[in-house]
Amino acid sequence: MLTIVVHRFNAITHSQIFVLDQDEALDFYVGKLGLEVGADIDFGVMRWLTVRVPGQPEREILLERPGGPGMSEETAEQVRDLVTKGAMGGWSILTTDDCRKTYETLLAKGVEFTEEPTERPYGVDCALRDPFGNRVRVTEVTV
């Protein structure tokens, strides 16, 4: 008889997107979008900078500057070039109770949108890009 052991994970706690300037990313994600800092730790070879929805410490986004220790300087330069071109494909979805109101609030803070609030089969959403080309959708789920 063959016994199969199934491993089960409890949660996804961190995701990562590349940014070119962590201070600029902090200003955007915290100062404009209203997220909060989860961690800001200088490890010498890198800065571990995470943001999260206020009051939700179980899920964070790492705002990582391409570089060591995870990659060589040559590779980091190639990744930075791709980020500059908006070709890295990073994206996040943030939910809200009122997409249109959130859109107006963020627009007043200078956030540039790529798509206005639009009715979808699942609710209402809109789209924006961070200063580095990462896509963010703001979604009001109504189903």
- Note on the structure: Excluding Trp48, membership of its hydrophobic cluster (Ile, Leu, Val, Met, Phe, Trp, Tyr; side-chain heavy atoms within less than 4.5 Å) reads Ile41, Phe43, Val45, Met46, Leu62
- In terms of side-chain geometry, is the basic nitrogen of Arg47 or Asp40 positioned less than 4.0 Å from the acidic oxygen of its partner? yes
- Do Arg65 and Arg80 come close enough that some side-chain heavy atom pair is under 4.5 Å? yes
- Query: So, Lys32 and Glu112, do they make that salt bridge, N to O below 4.0 Å?
  - Reply: no
- Message: I'd like to check Asp130 versus Ile17 (side-chain heavy atoms, cut-off strictly below 4.5 Å). Are they in contact?
- Response: yes
- Compare every heavy atom of Ser15 with every heavy atom of Arg59, then report the nearest pair and how far apart it is. NH1-OG, 2.6 Å
- Taking the side chain as every heavy atom from C-beta outward, state whether Tyr103 and Val138 have any atom pair closer than 4.5 Å. no
- Query: To the nearest 0.5 Å, what is the distance between CG (Leu20) and CG (Asp81)?
  - Reply: 9.5 Å
- Does the side chain of Asp21 reach to within under 4.5 Å of the side chain of Phe28, using non-hydrogen atoms? no
- How far apart are the closest heavy atoms of Ser92 and Ile61, and which atoms are they? OG-CD1, 3.7 Å
- Are Val83 and Leu26 connected in the hydrophobic side-chain network, where two residues link if heavy atoms are under 4.5 Å apart? yes
- Note on the structure: Smallest heavy-atom separation, Gly55 atom then Glu36 atom, equals N-OE2, 3.4 Å
- Item | Approximate separation, where rounding is to 0.5 Å, of Asp27 CG and Leu33 CG | 10.0 Å
- When rounded to the nearest 0.5 angstrom, what is the spacing between CZ in Arg129 and OG1 in Thr114? 6.0 Å
- Query: Would you say Asn134's side chain and Phe18's backbone share a donor-acceptor pair under 3.5 angstrom?
  - Reply: yes
- Query: So, for Cys126 and Glu116, which heavy atoms are closest and what is the spacing to 0.1 Å?
  - Reply: CB-C, 3.6 Å
- Query: Any idea which heavy atoms bring Pro117 and Arg100 closest together, and the distance?
  - Reply: CB-CG, 3.8 Å
- Query: When rounded to the nearest 0.5 angstrom, what is the spacing between CG in Asp125 and OG1 in Thr96?
  - Reply: 11.5 Å
- Query: Considering all heavy atoms of both residues, which atom of Glu140 and which atom of Cys99 are nearest to each other, and what is their separation?
  - Reply: OE1-N, 2.9 Å
- Is there a path from Val53 to Leu63 through hydrophobic residues (I, L, V, M, F, W, Y) whose side chains come within less than 4.5 Å of each other? yes
- Query: In terms of heavy-atom contacts, does CG of Asp97 have more than 12 from other residues, nucleotides or ligands at under 6.0 Å?
  - Reply: no
- Would you say Val19 and Val37 are hydrophobically clustered, going by side-chain heavy atoms of ILVMFWY under 4.5 Å? yes
- Message: With a 6.0 Å cut-off (strictly less than), is the heavy-atom count around CD of Glu74, excluding the residue itself, greater than 12?
- Response: no
- Item | Straight-line distance of Leu82 CG to Glu77 CD, nearest 0.5 Å | 10.5 Å
- Check the hydrophobic clustering (I, L, V, M, F, W, Y; side-chain heavy atoms under 4.5 Å; chains of links allowed) and say if Phe132 and Val30 are grouped together. yes
- Query: Just by distance, do the side chain of Thr50 and the backbone of Ala39 share a donor-acceptor pair under 3.5 Å?
  - Reply: yes
- Message: Side-chain heavy atoms nearer than 4.5 Å, only ILVMFWY residues, links allowed to pass through others: does that put Val51 and Val111 together?
- Response: yes
- Co-members of Tyr122 in a cluster of I, L, V, M, F, W and Y side chains, linked at under 4.5 Å: Val141, Val143
- Item | Lys/Arg-Asp/Glu bridge criterion (N-O < 4.0 Å) met for Glu104, Lys101 | no
- Query: Heavy atoms, side chains only, cut-off 4.5 Å: are Leu94 and Thr139 in contact?
  - Reply: no
- Can you check whether Thr13 reaches Glu60 side chain to side chain, under 4.5 Å on heavy atoms? no
